Visitor: 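The structure is given below, and queries will be raised subsequently.
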Amino acid sequence: MDKKQSSKLDNCIVCPVCNSRHLFKKEKVENGVFAANCECCGHFIKFQVKSDVNSKITVTINGQKYTVGNEYPPWTSLNSYLRKERISVGTKVMCREGGCGICMVEAKLYEPISDSMKSYPINSCLCPLFMCDGLEITTIEGVNDVIPKRLAKYNGSQCGYCSPAQVMNMHALLDFNKGSVSMKEVEDAYDDVICRCTGYRPILDAMKSFAVDSSQKNKITATDIEELGKMFCSKTGQRCHGKCHPEMGQKLQVIGADTVWNRPATLDELFKAISDNPGKKIRFVFGNTGSGVYKSDLDLANFDILMDLRGIKELYGIDFDPTVVLGAGLSITQLIDIFTRTKLEPSFGYFTQIRNMLQRVATTSIRSLGCWAGNLMLKHLHPEFQSDIYVSLEAANVGLMIADKTGSTQIPIGQFLKTDMTNKVIVAMLLQSMSDDYIIRMYKVAQRAENSHSFVNAGIRMKIDKSNKFVVKEKPCIVFSGISKDFVHAVQTENYLLGKELSDVKVIQGAMTTLATELIPDADIDPVEPSVGYRKNVAIGFLYTYFLEVLGNTAGSTFRSGAMPLQRPLSSGQQSYDTKPMEWPLTEPLMKLEAMNQTTGKAQYINDIPLHKPLYAAFVTSTVGNAKLQSMDPSKALSMPGVLKFITAKDILGTNNCSPPLDPSFLPEEVLCSGDVMYAGQALGMIVADNEDIANRATEQVLVTYSDQKPPIMSIEDGIQAKSFFPKPGDVFKAGDADTAIANSPKKITGSISWGEQQHFQMETQISICTPTEDGMDVEASTQWIDLTQQSTAMVLGVPESSINVRVKRLGGAYGSKITRNFIVSAGCAIAAQIMKRTVKLNMDFHTNFKMVGRRVSYRADYDVGCTNDGLLNGIKIQIYADLGYLPNENSLPGIVPWMDNAYFCENWKLTPVAVKTNKPINTACRAPGSTPAIFMMESIMENVAKELNLDPTAFRTLNLYKKGQKTPLGNVLNYCNIRQLVPQLMASSDYTSRAAAVQAFNQANRWKKKGLSVVPIKFGLSYVGVHYNAIVNIYAGDGSISIAHGGIEMGQGINTKVAQVCAYELGVPMDLIKIKANTTLANANDVTTGGSITSELCCLAVINCCQDLKTRMAPVKAKMKNPTWKEWTQKCIEDKVDLSSRYCVFQPGTEDTRYNSYGVTCTEVEFDVLTGQHLINRVDILYDCGESMNPMIDVGQVEGAFVMGLGILAYRISQEYKPPMAKDIPIDFRIQLLKNAPNPVGVLRSKAVGEPPLCMSCSALFALKRCVEAARRDIQKDTFFPLDGPATVDRLQELCLVDPSQFVI
């Protein structure tokens, strides 16, 4: 029998009745099932056909296998699947763009160097679910408590929303490296998970304690390493190492309703699939990280076919003989690994430069998931994209292997952007060896040190004869990105430099002139990019830096610093504080009660609450402001599967107003627009659907038309020009006679300073869950103010407040944004729930949250100051403008007054408020909302006066400090003022004098690097005006355990822990007997908002009163007993009819506006790159008067976190480009001292507030940077005063240095 006949027999079907054979016919197969009658006996034969193409995926998550088919759309993310199936609600989600990092999980991905699966951190929000076929995924639920315990112990968790991701990041790092990591590797890995609370220092310390070079004694053990995960192989019972994953070569096809997921196994299969689907919209998918950059273009749901390239083994090739060939399927992380391994090869020395640039691309988790070829394709699709990878590879003169159905071809990368890539893929890059006379360098400037796209980047390659006057031996390569979408090569400059001697000063200047001529930055490349002038100057500065580096010691010593990049060493911190063991648990540095639940992912946030078949609401928002709403057509949205309802203002049964009338001046705030569109991002309507993703997508399908559209007023300056002001912004504040005092002063100074707005960027976006009940509505809300959330919800539903039950267990960050800005969210959610008569969740997506929720208020202060010749302040007059947005309901201007003087005595003041109306959402409170801008403005005034008087800024500040017994402008006598003692104490402990001399010497020796040193004091007034917080303490007689419900919201500040410490101290019981319950409108009715730094101490005061009440009741019972245990005592109390529940409400104690003042001093040293504006914060010393801290560990964390949050005000841009500080933006040397032996005589248990004051001191970093700019201007004889407005972004700082190419000398 020949092979052909044998093959036919193998392909036969045998009838089970008559045993006759029939040839298998594919046309009889439908949907994977063969069905036909036997041609001999007529028996009906039916069976499922096994295919070489899978239609389902199998993914292993925490050791458990899950099979998924087309019940999920092909565009579903891994994060959506994990959370919807409740496999991992500890894995959080926020931005859905890979930018925040809180969705992080660990994945075992193919690593071609070792041909095995290795552990990498990835963003589950970007990773497509169907890409995970055969992968092993670990989430926070799948690891043991080794790392979570360490993070909790180090106080590395505050609100806790990012904590699971911080743990997973470290888990993946340790797993990948088999437990052996250095401290530097740890710090380098922490570039991807944003933390808004801690300031990163405790997180880094906790994770660095695992490092082999850590000095910590409690290093991780070998056993800990083995047990890091809980995943064990179901076959062997041993620790799973991913060896059972399906071999590459298995095809996959999942057919969804609108999209098909296709995973070919070879390039031939890929191109056949493309040919078989002409006219279809196809997207190649490897890591899907590009959708985080260009979501509208690359959203997976917008494509007909998603072609998964991960299964094509041909894309993973690595070859080193003789040309280096690296496959397109290598992730950026794997590319870095390869370049690191080969950096010692002399002919490939330039790999180090590429590696260094790659390490600054995106984040560790993005680099782990995305491939280098995908980044190039993103550049091809969007030429304006500032691709660090493209610039690096262009400078390295790599070749690209491009393939299509006809075969493959090699092109130089310089042709890539002009190559039609339709139905083509990059297969590999080819890198050539280079002799050591080739000098390649890459440069980048970005908004922050890491996790930030380039403003401008450059790659430069020249072949230089160093022995012959640095002659350029062949045409150089000078490439840029960030200039314009079409500008890549500086062709004219390249031609000019060929054959030139770089040692010739005229050549250098000629090159600069030529480059300046051909660099024409596009002003419209991206609305959030820096100015044309900045980008041009920085680009020219990169070439100058290159020249300086090439010339080395032949360049002038003063200028050589231009070639030295800022080098950030390992960071460290020191903390110093008092504690009194005799009073423990009071004053004890205890770990937060919630810490372990947070770090293990067990802490439940609102978005984690399990719901039974809920509906999901999403706001439809306006795209314009200052217009009329003409019409809305939801028909397209309503036609989408799963969309159930479109709600407009006409559907609201109560009042269309979510702003409770706290003040007669309050104006109605519409939940849904009834006609006047006031700002872009305003809520126009709501979509309700049975799926959250569908609800959010459907909002984009509502067709909205506008009429009477007018130019929006978008700034204070616009408002002043248009005379757009709110009436009654507040009274003019007067103390003494400022006009006369200034007029009679020998020195008069006039100026203006501005303070920009700031996004909140809370990790948990605004969210609400509303469930109709028989008597009203249950509301889970991300609010800091449950009372007014209750009121606003009742208003829109048209029901009594008693019908609304609001509950808050914890918040994933708030910072003031959830005081009032949740009202509209909970109100909208309640409206939807009322209409649909079902539970509704409204979880604001990242961008809607940014558009609808107001920012920190921006200000402008125009001032006049009078002082003596010696610098004593006589009188200060300020007109303060505030951008309140479109409504004045959160007028912050009266809140400026108590802090405007900061720490300085002046008898005569006049403050005139002006409330500007703009076409923006209502701007709202952000941590230290009035004090931070007030102190910044006052310190800026002090800077101006010192400069005009030619006085040292620190000496001038010290001269004007308050003295004990003096009066503030508000008339408060400073009976306990210690600021004049604190300033010299910190200056001594920080070694200020010798460091100031060293800074001066450094600046004189270096033209292009500068250092700055600044000292800023603070007096922060704390007021109890208008407060009312209650607490209820219950003792359970059965076992003596205690529950407490207090009026504050736990949002990371440690209020629950302090309350428990106080209760344990007052009752004399162990901490583990005490549980803190959720805040509800039933147990904690009629409380004010959590905010103003005072909630913790006043809730503690309420608990103290409850405990004292209970002790008074219980004392007679104990007097009758002989040494009873606590349990026996409580049981006897009930027998004797003693009520073991006590409730107390703290109302405003005393009559003075200011209850007490906190004092502090900060010294900040920075290092600054004059050519780019980038900088390092070398050291920060903070001395803060915290009174007698109830919990020093918590309070130190509050100081650090507040200060770092304040640093974010220095370097942000509005909208989605806001960049909060990352781990490498914090001070390198971070030293915190809580003032010792300083009990507060009028404080609760002798304590002082700590949540907000340290944020105000962060302006010391801005003024240290100002010293740097002044030093740079001094070098060019332009040392005149200039205002440094906030934010002081890198571009603004650099432009203030007044650098131009004519100064680029050697």
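Predicted model only: the values in this text are computed from it and were never measured.
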Visitor: Atom OG1 of T918 and atom CG of L884: how far apart are they, to the nearest 0.5 Å?
Guide: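 These two atoms lie 7.5 Å from each other.
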Visitor: Answer yes when E780 and K841 have at least one side-chain N-carboxylate O distance shorter than 4.0 Å, and no when they do not.
Guide: no
Visitor: Would a distance-only check, ignoring hydrogens and angles, find a side-chain to backbone donor-acceptor pair under 3.5 Å from T932 to A928?
Guide: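 Between the backbone of A928 and the side chain of T932 there is a qualifying donor-acceptor contact (under 3.5 Å).
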Visitor: Any sub-3.5 Å donor-acceptor pair from N451's side-chain atoms to G99's backbone N or O?
Guide: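 Yes.
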Visitor: For N696 and D693, indicate whether the former's side chain and the latter's backbone hold a donor-acceptor pair under 3.5 Å.
Guide: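 No, the answer is negative, given that no donor and acceptor are paired below the 3.5 Å cut-off.
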Visitor: Below 30° counts as parallel, above 60° as perpendicular, anything between as tilted: where do the rings of F725 and Y881 land?
Guide: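 F725 and Y881: tilted rings.
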Visitor: Determine whether D787 and V1088 make a side-chain contact, defined as any pair of heavy atoms from C-beta on separated by less than 4.5 Å.
Guide: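 Sidechains of V1088 and D787: no contact.
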Visitor: Parallel, tilted or perpendicular: which describes the rings of Y679 and Y886, with under 30° parallel and over 60° perpendicular?
Guide: tilted
Visitor: Could you walk me through whether T820 and T1089 pass the side-chain contact (heavy atoms from CB on, under 4.5 Å) check?
Guide: CA-CA 9 Å; T820 66; T1089 184; over 6 Å; no
Visitor: I need the T648 OG1 to F646 CZ distance, nearest 0.5 Å.
Guide: 6.5 Å
Visitor: Compare every heavy atom of T924 with every heavy atom of G854, then report the nearest pair and how far apart it is.
Guide: O-CG2, 3.5 Å
Visitor: May I ask you to decide if the ring planes of Y161 and Y605 are parallel, tilted or perpendicular, using 30° and 60° as cut-offs?
Guide: perpendicular
Visitor: Given side-chain contact (heavy atoms from CB on, under 4.5 Å), test R821 with I922 step by step and report yes or no.
Guide: CA-CA 9 Å; R821 294 303 84 210; I922 301 173; 4.0 Å; yes
Visitor: Testing the 3.5 Å rule here: is there a donor-acceptor pair between the side chains of H382 and D297?
Guide: yes
Visitor: Just so I know, are the side chains of M686 and V620 near enough to count as touching, which here means a heavy-atom distance under 4.5 Å?
Guide: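 No, side chains not in contact.
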Visitor: Which heavy-atom pair separates A446 from S454 by the least distance, and what is that distance?
Guide: CB-CA, 4.3 Å
Visitor: Closest heavy-atom contact between Q766 and S782?
Guide: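 What the structure gives for the nearest pair is OE1-OG, 3.5 Å.
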Visitor: Salt-bridged, R96 to E692, with N to O below 4.0 Å?
Guide: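 Here R96 pairs with E692 in a salt bridge, since their nearest N and O are under 4.0 Å apart.
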Visitor: Take atom CG of D731 as the centre, draw a 6.0 Å sphere, and report whether it contains more than 12 heavy atoms from other residues, nucleotides or ligands.
Guide: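 Incorrect, the count does not exceed 12.
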Visitor: Which of parallel (below 30°), tilted (30 to 60°) and perpendicular (above 60°) describes F455 and Y534?
Guide: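 Plane angle over 60°, so perpendicular.
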Visitor: Evaluate K628 against V677 for side-chain contact (heavy atoms from CB on, under 4.5 Å), listing each step before the verdict.
Guide: CA-CA 5 Å; K628 298 286 186 182; V677 181; over 6 Å; no
Visitor: Roughly how far apart are M852 CE and I824 CD1, rounded to 0.5 Å?
Guide: 4.0 Å
Visitor: Does any donor atom in the side chain of S892 or Y859 lie under 3.5 Å from an acceptor atom in the other side chain?
Guide: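 Looking only at side-chain atoms, Y859 and S892 do form a donor-acceptor pair, the distance falling under 3.5 Å.
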Visitor: Quick check: closest heavy atoms across I713 and A722, and the distance to 0.1 Å?
Guide: CD1-CB, 3.9 Å
Visitor: Is the closest side-chain donor-acceptor distance between S826 and T793 under 3.5 Å?
Guide: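 There is no such pair between these side chains.
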Visitor: In the structure I gave you, are the side-chain heavy atoms of F761 and M94 within less than 4.5 Å of one another anywhere?
Guide: yes
Visitor: Please answer whether the main-chain N or O of L672 pairs with a side-chain N or O of N656 as donor and acceptor at a distance below 3.5 Å.
Guide: yes
Visitor: Apply the test side chain to side chain donor-acceptor pair (under 3.5 Å) to residues T1090 and T1095: give CA-CA distance (whole Å), side-chain angles for both, the deciding distance (0.1 Å), then the verdict.
Guide: CA-CA 6 Å; T1090 297; T1095 308; 4.5 Å; no
Visitor: Distance-only, no hydrogens or angles: does the E939 side chain make a donor-acceptor pair with backbone N or O of I935 under 3.5 Å?
Guide: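 No.
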Visitor: Between R196 and H760 (side chain of the first, backbone of the second, donor and acceptor by atom type, cut-off under 3.5 Å), is there such a pair?
Guide: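 Checked: pair present.
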Visitor: Answer yes or no: is there a donor N or O on one side and an acceptor on the other, between the side chain of S768 and the main chain of C829, under 3.5 Å?
Guide: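 Side chain of S768 to backbone of C829: no pair is present.
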Visitor: Calculate, to the nearest 0.5 Å, the distance between atoms OG and CG belonging to S754 and D883 respectively.
Guide: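 The OG atom of S754 sits 11.5 Å away from the CG atom of D883.
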Visitor: Is any side-chain heavy atom of N607 less than 4.5 Å from a side-chain heavy atom of V93?
Guide: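 Yes. Closest side-chain heavy atoms under 4.5 Å.
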Visitor: Just grab all the salt bridge (Lys or Arg N to Asp or Glu O under 4.0 Å) pairs involving residues 694-717, residues at least two apart or on different chains.
Guide: D299-R697, E717-R860
Visitor: Quick check against the 3.5 Å criterion: does R448 have a side-chain atom that pairs as donor or acceptor with the backbone of P1220?
Guide: yes
Visitor: Between S659 and N657, does any side-chain donor sit less than 3.5 Å from a side-chain acceptor?
Guide: no
Visitor: Please check if the number of heavy atoms outside K917 that lie under 6.0 Å from its NZ is greater than 12.
Guide: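 Incorrect, the count does not exceed 12.
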Visitor: Can you check whether S1093 reaches P1253 side chain to side chain, under 4.5 Å on heavy atoms?
Guide: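 Heavy-atom side-chain distance check passes, below 4.5 Å.
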Visitor: Any side-chain heavy atom of L684 within less than 4.5 Å of one from T621?
Guide: no
Visitor: Does a side chain donor of either N944 or Y863 reach within less than 3.5 Å of an acceptor in the other side chain?
Guide: yes
Visitor: Check G1173 against L1293 and note the closest heavy-atom contact, atom names and distance.
Guide: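 Looking at all heavy atoms of both residues, the closest pair is O-CD1, 4.2 Å.
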Visitor: What are the two closest non-hydrogen atoms of V671 and A827, and how far apart are they?
Guide: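 Scanning both residues, the minimum pair turns out to be CG2-CB, 4.1 Å.
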Visitor: Could you measure the distance from the NZ atom of K910 to the CD atom of Q879? Nearest 0.5 Å is fine.
Guide: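 The CD atom of Q879 is 9.0 Å from NZ of K910, to the nearest 0.5 Å.
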Visitor: Please report the C-alpha distance between R810 and E764 in whole Å, then the side-chain angles of each, then the deciding distance to 0.1 Å, and finally whether the salt bridge (Lys or Arg N to Asp or Glu O under 4.0 Å) criterion is met.
Guide: CA-CA 11 Å; R810 60 173 58 87; E764 174 195 53; over 6 Å; no
Visitor: Can you tell me how far the OG atom of S665 sits from the CZ atom of F726, to the nearest 0.5 Å?
Guide: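 Atom-to-atom, S665:OG and F726:CZ are 10.5 Å apart.
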Visitor: Taking Q834 for the side chain and L797 for the main chain, is one N or O donor matched with an acceptor at less than 3.5 Å?
Guide: yes
Visitor: Just checking, K1266 and F1282: is the charged tip under 6.0 Å from the six-membered ring centre and within 45° of the axis?
Guide: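 Verdict for F1282: a cation-pi partner in K1266.
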Visitor: When you measure from the side chain of R856 to the backbone N and O of R927, does any donor-acceptor pair fall under 3.5 Å?
Guide: yes
Visitor: Q762 vs S817, test: side chain to side chain donor-acceptor pair (under 3.5 Å). Steps then yes/no.
Guide: CA-CA 8 Å; Q762 67 283 82; S817 68; 2.6 Å; yes
Visitor: Determine whether E943 and F1263 satisfy the following criterion, side-chain contact (heavy atoms from CB on, under 4.5 Å), listing intermediate values before the conclusion.
Guide: CA-CA 8 Å; E943 289 278 317; F1263 296 119; 3.5 Å; yes
Visitor: Could you tell me whether the side chain of V853 reaches within less than 4.5 Å of the side chain of P921, counting heavy atoms only?
Guide: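 Not touching, per the 4.5 Å side-chain cut-off.
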Visitor: Do the non-hydrogen side-chain atoms of F1020 and N902 ever get within less than 4.5 Å of each other?
Guide: no
